[in-house]
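Taking it in order: structure first as structure tokens, then the write-up.
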Amino acid sequence: QKEVEQNSGPLSVPEGAIASLNCTYSDRGSQSFFWYRQYSGKSPELIMSIYSNGDKEDGRFTAQLNKASQYVSLLIRDSQPSDSATYLCAVNMGSSTLGRLYFGRGTQLTVWP
Amino acid sequence: GAGVSQSPSNKVTEKGKDVELRCDPISGHTALYWYRQSLGQGLEFLIYFQGNSAPDKSGLPSDRFSAERTGGSVSTLTIQRTQQEDSAVYLCASSSSGRTSYEQYFGPGTRLTVT
């Protein structure tokens with residue numbers, strides 16, 4: 001069974017803090033990892049992709065990947081109220097699954113002023 | 001450039017009727033995906049197209065669901081004899097070939113309500 005698990009939340013942080021979102025996945029052959037942001041009533045928006053072990057930074061966002069531990073995380077620095085949304089972790093689990101992404105259930109983040 | 005577009009944005013239908021949902025991917029994107037998201041649920045994969053062929057239909061929940069893609073572009077998802085459990089937001093995504101081929105970009109979705 002191919003699964004993606006996220007810390008269920010909800011997660012609440014004050015403005016300016018670091019928000020940490022975590023995700024684990026079941027398939028060791030997984031190759032590509034993504035974070036999507038979904039505002040209430042809207043569709044998911046791709047915010048980060050990561051393919052290699054280590055950190056990838058893009059502005060206030062840092063994705064971290066550890067394939068040995070089957071773990072991927074998203075850090076949001078200097079959190080803003082506009083970051084309040086549900087964050088979805090998505091994983092492509094190798095060539096046998098073609099392009100399909102497996103999604104976690106999401107972590108709801110609230111950033112309060 | 002233009003993103004993924006879907007129509008209609010909202011559809012209310014009576015139980016037992018057929019519905020067609022349309023997706024227009026990002027120009028040049030060869031791969032197209034359909035997902036659905038029920039209230040409070042995660043994204044459920046339905047079907048994947050590469051060009052006009054569908055190598056992965058494993059997520060279609062029943063034979064009432066079908067999809068096609070023509071000209072390597074527009075796709076339609078058809079649900080026959082709709083049931084109340086079909087109520088959900090139907091999302092289409094597309095991706096390009098090559099190095100970033102698994103980066104999927106979503107359309108705004110079609111909210112389907114079956115009464």
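The sequence lines fix the lettering, A, B, ..., with proteins before strands; numbering per chain opens at 1. These numbers come from a predicted model, not from an experiment.
Counting heavy-atom neighbours within 6.0 Å of Lys11(B) NZ, excluding the residue itself, gives a total of 12 or less. The environment of Glu14(B) atom CD is sparse: at most 12 non-hydrogen atoms of other residues, nucleotides or ligands sit within 6.0 angstrom.
Remark: side-chain polar atoms of Tyr36(A) are paired, donor with acceptor, to backbone N or O of Gln104(B) under 3.5 angstrom. Listed for the Ser43(A) side chain is a donor-acceptor partner under 3.5 Å among the backbone atoms of Gly107(B).
Linking ILVMFWY residues whenever their side-chain heavy atoms come closer than 4.5 Å, directly or via other members, places Leu109(A) and Val4(A) in the same cluster. Cluster membership for Val111(A) and Trp35(A), using ILVMFWY side-chain heavy atoms within less than 4.5 angstrom, is shared. In the hydrophobic clustering of ILVMFWY residues, with side-chain heavy atoms under 4.5 Å counting as a link, Leu32(B) and Leu46(B) come out together. Both Met48(A) and Ile76(A) sit in one connected hydrophobic cluster of ILVMFWY residues. Membership requires side-chain heavy atoms under 4.5 Å apart, directly or through other members.
For chain B, the nearby part of Gln38(A) is the side chain; its heavy atoms alone come within less than 4.5 Å. For chain A, the nearby part of Gln37(B) is the side chain; its heavy atoms alone come within less than 4.5 Å.
A 4.5 Å side-chain heavy-atom check between Phe34(A) and Glu103(B) finds at least one atom pair inside the cut-off.
Looking at every heavy atom in both residues, Ser58(B) comes nearest to Arg100(A) through OG-NH1, 3.4 Å. Between Tyr35(B) and Leu101(A) the shortest heavy-atom distance is OH-N, 3.5 Å.
Residues Phe45(B) and Tyr102(A) place their aromatic rings such that the two centres sit no closer than 6.0 Å.
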